[in-house]
Chemist: 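One structure is given below, represented as structure tokens, and several questions about it will come after.
So that the names make sense, note that chain A is the first sequence line, chain B the second, and so on, each numbered from 1. None of these values were measured; they are calculated from a predicted model.
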Amino acid sequence: MKSEPSVFSLDDLAAKAQQTYHWEGVRNYQARNMLRDAMKVGDLAFFYHSNCAEPAIVGIMEIVKAGYPDFYAFDAESVYFDPKSNPENPRWFMVDVKFVQKLSVPLPLKMLKQQPELADLALVRRGNRLSLMPVSAAQWQFILKLAADFA
DNA sequence: GCCAACGTTGGC
DNA sequence: GCCAACGTTGGC
């Protein structure tokens, strides 16, 4: 799950009450479908810092509330307002996430791209701008191992 | 339904 | 700040 640290960082999540927060503002249908249909309570996710000095996987989160309507879309004052979404027929969804841990070291995108084992990871595929991307069990384990090895 | 124009993302 | 890669929009 991507976030720009200048907007919302892993440390920001860790500082929240109960270290949980809602992952609002995703406005892409493919990502919406994952939020609404695929992500389940108890699932784990990597927190990725994008659009910053060193884009990197920095930590781990747990999904603590499955997909529900993104109410920011109903708020005309919000930057995430979308007049085409409404409570009767919500267009956008979000999940709640909980801080699990910070990786012992951040894993920079540059490093991830050098790993043959991660060649198929959506994050390193050319041109992928999705804000949420799937990680296979094997990729997940490999990334954890990388973090342990580089600690 | 096609596709050109335009806007956004995000690494570099 | 540049620009590649996409997604969205809207005319037709």
Chemist: Only counting residues at least two apart or in another chain, list the ones meeting side chain to side chain donor-acceptor pair (under 3.5 Å) with A:R32.
Modeler: none

Chemist: Without decimals, in angstroms, what is the distance between A:R32 CZ and C:dG7 P?
Modeler: 15 Å

Chemist: Using a heavy-atom distance cut-off of less than 4.0 Å, which residues of residues 106-114 of chain A contact DNA chain B?
Modeler: A:L109, A:K113

Chemist: Check side chain to side chain donor-acceptor pair (under 3.5 Å) between A:Q141 and all other residues, then give those that pass, not counting sequence neighbours.
Modeler: none

Chemist: Is there any side chain to side chain donor-acceptor pair (under 3.5 Å) pair reaching into residues 120-139 of chain A, and which pairs are they, with sequence neighbours excluded?
Modeler: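 Non-adjacent pairs meeting side chain to side chain donor-acceptor pair (under 3.5 Å): A:D120-A:R125, A:S136-A:Q139.
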
Chemist: Could you state the CH2-C1' distance from A:W92 to C:dT8, rounded to the nearest angstrom?
Modeler: 10 Å

Chemist: With a 4.0 Å cutoff (strictly under), does any side-chain N or O of A:Y48 reach OP1 or OP2 of B:dG11?
Modeler: yes

Chemist: Identify the pairs formed between an N or O of the protein and an N or O of nucleotides 1-5 of chain C at a distance under 3.5 Å, and give each distance.
Modeler:
residue, atom, partner, partner atom, Å
C:dA5, OP1, A:R126, NH1, 2.2

Chemist: Hey, are the side chains of A:M94 and A:F71 touching, using non-hydrogen atoms and a 4.5 Å cut-off?
Modeler: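 They are in side-chain contact.
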
Chemist: By side chain to side chain donor-acceptor pair (under 3.5 Å), which residues pair with A:W92, not counting sequence neighbours?
Modeler: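 Counting only residues at least two positions away or on another chain, A:W92 forms a side chain to side chain donor-acceptor pair (under 3.5 Å) with A:D82.
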
Chemist: Just how far, in rounded Å, is C1' of B:dG10 from CE of A:M1?
Modeler: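 Atom-to-atom, A:M1 to B:dG10, this comes out as 18 Å.
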
Chemist: Applying side chain to side chain donor-acceptor pair (under 3.5 Å), which residue pairs with at least one partner in residues 38-50 of chain A are found, sequence neighbours left out?
Modeler: none

Chemist: What is the distance, to the nearest angstrom, from the CG atom on A:N51 to the P atom on B:dT8?
Modeler: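 Spelled out: CG on A:N51 to P on B:dT8 is 14 Å.
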
Chemist: Please report the distance, rounded to the nearest Å, between CG in A:L121 and P in B:dG11.
Modeler: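 That distance rounds to 13 Å.
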
Chemist: Are any non-hydrogen side-chain atoms of A:N28 and A:L132 less than 4.5 angstrom apart?
Modeler: no

Chemist: How would you list all residue pairs meeting side chain to side chain donor-acceptor pair (under 3.5 Å) that involve residues 101-118 of chain A, not counting sequence neighbours?
Modeler: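 Output for this query lists A:D11-A:K102.
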
Chemist: Taking only residues at least two apart or on different chains, which pairs with a member in residues 52-76 of chain A satisfy side chain to side chain donor-acceptor pair (under 3.5 Å)?
Modeler: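 Residue pairs with at least one partner in residues 52-76 of chain A: A:H22-A:Y72, A:R27-A:D70, A:Y68-A:D96.
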
Chemist: A:R27 CZ to B:dT8 C1': how many Å, rounded?
Modeler: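 Result: 15 Å.
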
Chemist: Tell me: CG of A:N33 to P of C:dG7, nearest whole Å?
Modeler: 13 Å

Chemist: Picking from C:dT9, B:dG10, C:dG7, which would you name as closest to the side chain of A:K84?
Modeler: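 Output: C:dT9.
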
Chemist: What is the distance, rounded to the nearest whole Å, between atom CG of A:L123 and atom P of C:dC6?
Modeler: 14 Å

